[in-house]
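Structure first, then comments.
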Amino acid sequence: VNFSRETMLELMAFADDELEGDAKARVEALLAESAEARGVVASFRTPHLGRGLGEAFRARADAAHADDIAATVLRRLGISAAPPVPVSLAARLSGPRARARSAIFVAGGVLALAAAVAIVLRASHLGSGGSLREAHVGASSGQWVAPLRDVPSAPLPDGVEVRAVDAPSRTIEVLAIPVASAAASPAAARSRVVIWVDDDGAPR
Amino acid sequence: MRAARSWLALLACAALEVAGGGAHAAVASPRIEVTVIQARRTGGPASMDPRLRDLADIVKSPAFARYDTYRLLDRRELPLTADPPAADLLANGRTLRVRLVDTRGVGADRRFHLSASIDRPDQTPYVRAIDLTAPADEPFFLAGQAFAGGILVLELVVHE
């Protein structure tokens with residue numbers, strides 16, 4: 001996939017039918033000319049885990065008012081923020097025997113703490129035959145997402161677990177990037193966690 | 001004579017083991033390996049230092065799409081303790097600090113709870129705190145700091 005993070009965010013929002021106006025037209029134009037973009041949207045719309053995760057996240061995010069964060073992100077990206085667009089997550093299982101051991105839990109309670117941002121992402125690994133798509137969450141400065149408490153029914157993550165990030169006035173993304181060799185060796189299937197914090201003067 | 005010395009050494013080791021309750025021998029002191037990488041876009045042929053094996057796994061992600069050259073700037077291993085935190089002066093003059101908060105589990109299930117920060121000289125911190133847990137030998141990355149026309153990517157791995 002060769003899209004920028006901003007484009008991926010738009011594609012995810014489009015897959016959730018949550019884009020409007022210019023942003024929606026921009027994505028539709030991209031979809032008309034790019035099979036890759038269509039594939040990305042289709043994967044985000046894959047039933048089962050992708051949609052299930054989206055709904056689960058939405059329910060949790062609603063409770064935590066996390067939409068406010070996503071709306072701020074989208075405003076920075078020039079996307080219509082009214083109504084607020086939830087941060088989207090997507091994950092897809094491949095293979096008929098894939099099991100829904102994968103879960104990405106993102107949530108939090110938003111507290112109005114100035115100049116701070118935190119993101120919580122948990123990524124557990126898939127069982128045999130499964131693969132985890134890259135997932136990312138964006139947030140803007142000026143808000144704090146409290147760490148997610150353990151979910152009783154969730155399996156303990158066996159990889160790196162990011163609980164919180166506090167970077168004043170900066171945009172933070174936490175990404176779970178599947179390891180390329182995972183398909184060849186399911187037992188070693190893992191994702192790599194990248195915490196990306198924007199900086200003054202960094203190439204955009 | 002040599003055999004006698006060997007037996008004495010063995011006895012000494014056994015005595016130390018008993019005195020220490022075996023705990024020190026069973027739980028090694030953790031270290032944190034910090035690899036500092038420069039990512040840039042040169043417009044020329046893509047290149048990556050072959051020593052950056054873990055990074056090679058993830059640079060096809062869209063997040064790294066704008067960079068085509070990855071250079072290893074520094075790699076060092078530091079003791080990972082609660083106090084003082086492991087501190088590494090980065091190429092951009094900032095200081096990465098990683099503190100061991102606690103550990104959970106034993107053996108292969110052992111996880112390290114870490115707190116990390118990146119300070120800027122005479123300014124507010126670039127990152128005030130990152131709170132995470134990680135198993136041993138599982139790399140994770142902190143990316144985005146501006147440096148020399150590109151960014152720094154820090155790869156961190158806890159070793160036992």
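Chain letters run A, B, ... following the sequence lines, proteins first, then strands; residues in each count from 1. These numbers come from the heavy atoms of this one structure, side chains and all, not from hydrogens, waters or symmetry mates. Since the model is a prediction, treat every value here as computed from it, not as a measurement.
Atoms CG and CD, from B:Asp131 and A:Glu161 in turn, are 9.0 Å apart once rounded to the nearest 0.5 Å. With rounding to the nearest 0.5 Å, the separation of CD1 in B:Ile130 from CZ in A:Arg163 is 14.0 Å.
Listed here is the closest heavy atom pair of A:Pro203 and B:Gly150: CD-O, 3.4 Å. Smallest separation of non-hydrogen atoms from B:Glu138 and A:Ser191: OE2-O, 3.7 Å. In this structure, A:Gly159 and B:Arg111 approach most closely via the heavy-atom pair O-NH2, 2.7 Å. Across B:Leu132 and A:Val162, no two heavy atoms sit closer than the pair CB-CA, 3.9 Å. B:Tyr126 and A:Asp198 make their closest contact through CE1-O, 3.6 Å (heavy atoms, listed as atom of the first residue, atom of the second, distance).
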Handout entry: Verdict with reasoning, B:Arg120 to A:Asp199, per salt bridge (Lys or Arg N to Asp or Glu O under 4.0 Å)
Key = CA-CA 12 Å; B:Arg120 295 186 298 172; A:Asp199 193 10; 5.0 Å; no
Exercise for the section: Applying side-chain contact (heavy atoms from CB on, under 4.5 Å), run through B:Val127 and A:Asp166 and close with a yes or a no. Expected result: CA-CA 6 Å; B:Val127 171; A:Asp166 179 5; over 6 Å; no
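In this structure, chain A has heavy atoms under 4.5 Å from both the backbone and the side chain of B:Pro139.
Listed in order of number, the residues of residues 44-54 of chain B that approach chain A to under 4.5 Å between heavy atoms are B:Asp54.
Considering only heavy atoms from C-beta on, B:Ile58 comes within 4.5 Å of A:Val194 through its side chain. In this structure the side chain of A:Ile177 reaches within 4.5 angstrom of the side chain of B:Ser61, judged on heavy atoms.
Counting heavy atoms of neighbouring residues, nucleotides and ligands inside a 6.0 Å radius, atom CG of B:Asp74 exceeds 12 of them.
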With a cut-off of 3.5 Å and sequence neighbours excluded, list every side-chain donor-acceptor pair involving residues 140-148 of chain B.
residue	atom	partner	partner atom	Å
B:Gln145	OE1	B:Asn92	ND2	2.9
B:Gln145	OE1	B:Arg94	NH1	3.1

